[in-house]
Amino acid sequence: MQILSLNFFIYTIGGIWRPVKWSSNGAKLLYNIFTFMIISSEYFLLLTQFMDIILVVNNVDDFATNTLTFLSIVAVCCKATVVVVRRNEIINLVQILLKAPYKPRDEDEVAIQTKFDNFIRSYSIKYSLLATSSVTGTTIGSVLNVMQGHLPYRIWLPCNYNVSTTFWIISIHQIITLIFATVINVGTETLVFGLILQTCAQFEILESRLHKLIINKTIKYLGRESFLLAEMINDVFSPVIFIQFCISILVLCSAAYYLSSNVTLLNVLNFATYVFCLFVQIYVYCWAGNEVTLKSVELGEEIYHMDWILMTRSEQLDLLMMMKRSTKPIKFTSSFLVTLSLESYSNVSIKLTLVLYQGFK
């Protein structure tokens, strides 16, 4: 059974995930070079934009405009770096889902796993289409800027890039870099979402086994490992979630300021899709984290309704320990910033909406 194959395929297209099954040293080398080129391009755009903000920008409006793209590239660079550096940890997370006790044992458990796999795949496709529409509009705008003799994004270089050949090379490089940045974003959001929901799948599988009284190893092993799996996922991707929340907040605040002094129909339309995508990114994390929290709490309720009298004293003690553990629900966090829940999303979205509203006033 394949786990999150579409999500890792998106990463592969983005240039930061060499397929695990590849055995050819030549293919591995070529893909590693490809990965280096992609990440170097992202960091190059990041550095040149940062230098433009430091050395060239001389007014607040230009600062707000340039900061929007700069912060977005910061987030992409952080996500790509985390995935490349923690590749082995991510592989380990996927592999343990394919082994006992996580692997489905019967038709009912396969049905549960299939239900979650199909939902994750469906969401990933829809999110990819949303991102594609966003990057398509951005790319068209970039091409129009190039046709008018302007770079898609302002940068600073220690050389004259207004020469025709250099100008076109840099312009094409920026457009391609943005496209790969979008792919990396999509891969990250859908992968984190998928892994968190895999934790929900494990809790449903555990409940199924408990109802069937398959408890000898289930209670002692899978119950404890389900909570451990959530902790492992949170440890690996906590930096990514933290960066996403920080960048989203800063970008929306910058957008609010920019719109406060540049309220035109074109600007509003350009920012509308971008801001909508940012809210979706935050919602995805919060909704998935909230689902895991609910599942971990429901586990104790499911155990409570079991027929304890038919079990041995040892099995009853094991169930009691699981109920006690479920009183402390699983909570995914973005480091110290926020807990992933619908309540947190409501609080953050309300505050950000107020900031945007003030920008339009």
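What you see is a predicted model; the values in this text were computed from it and never measured.
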Seminar exercise, completed: Those residues at least two apart in sequence (or on a different chain) that pass side-chain hydrogen bond (donor to acceptor under 3.5 Å, both in side chains) with S72 are Y274
For this session: Please name all residues satisfying side-chain hydrogen bond (donor to acceptor under 3.5 Å, both in side chains) with Y43, sequence neighbours left out, ordered by chain then number.
Result: T81
For this session: Kindly state each residue pair satisfying side chain to side chain donor-acceptor pair (under 3.5 Å) with at least one member in residues 286-296, sequence neighbours excluded.
Result: E204-K295
Problem set entry | Residues that Y11 engages under side-chain hydrogen bond (donor to acceptor under 3.5 Å, both in side chains), provided they are two or more places apart | T188
Problem set entry | Partner residues of L55 under the side-chain contact (heavy atoms from CB on, under 4.5 Å) criterion, sequence neighbours left out | M51, W156
For this session: Just grab all the side chain to side chain donor-acceptor pair (under 3.5 Å) pairs involving residues 21-32, residues at least two apart or on different chains.
Result: R18-N32
Problem set entry | Test side-chain hydrogen bond (donor to acceptor under 3.5 Å, both in side chains) applied to D52 - qualifying residues, sequence neighbours left out | N66, R154
For this session: Could you name each residue pair satisfying salt bridge (Lys or Arg N to Asp or Glu O under 4.0 Å) that touches residues 170-191, not counting sequence neighbours?
Result: K79-E189
Exercise. When hydrophobic residues are tied together by side-chain contacts of less than 4.5 Å, even through go-betweens, does V297 share a cluster with I196?
Worked result: no
Problem set entry | pair L197-Y123: side-chain heavy atoms closer than 4.5 Å | no
Seminar exercise, completed: Across all chains, not counting sequence neighbours, the side-chain contact (heavy atoms from CB on, under 4.5 Å) partners of S344 are V338, T339, S341
For this session: Determine whether V146 and W168 make a side-chain contact, defined as any pair of heavy atoms from C-beta on separated by less than 4.5 Å.
Result: yes
Exercise. To the nearest 0.5 Å, how far apart are CG in L6 and CG in L191?
Worked result: 10.5 Å
Problem set entry | Single-linkage hydrophobic cluster, 4.5 Å side-chain cutoff, I184 and I33 together | no
Exercise. With a 4.5 Å heavy-atom cut-off, do L320 and K324 have their side chains touching?
Worked result: no
Exercise. Among all residues two or more places apart in sequence or in another chain, which pass the side-chain contact (heavy atoms from CB on, under 4.5 Å) test with S133?
Worked result: L130
For this session: Any pair with a residue in residues 163-181 that passes salt bridge (Lys or Arg N to Asp or Glu O under 4.0 Å), sequence neighbours left out, goes on the list, sorted by first then second residue, please.
Result: none
Exercise. What distance separates L294 CG from L299 CG, expressed to the nearest 0.5 Å?
Worked result: 13.0 Å
For this session: With the side chain counted from C-beta on, respond yes when V284 and V192 share a heavy-atom pair under 4.5 Å apart, and no when they do not.
Result: no
For this session: Return each pair, listed once, that meets salt bridge (Lys or Arg N to Asp or Glu O under 4.0 Å) where at least one residue sits in residues 82-102; pairs must be two or more places apart or across chains.
Result: none
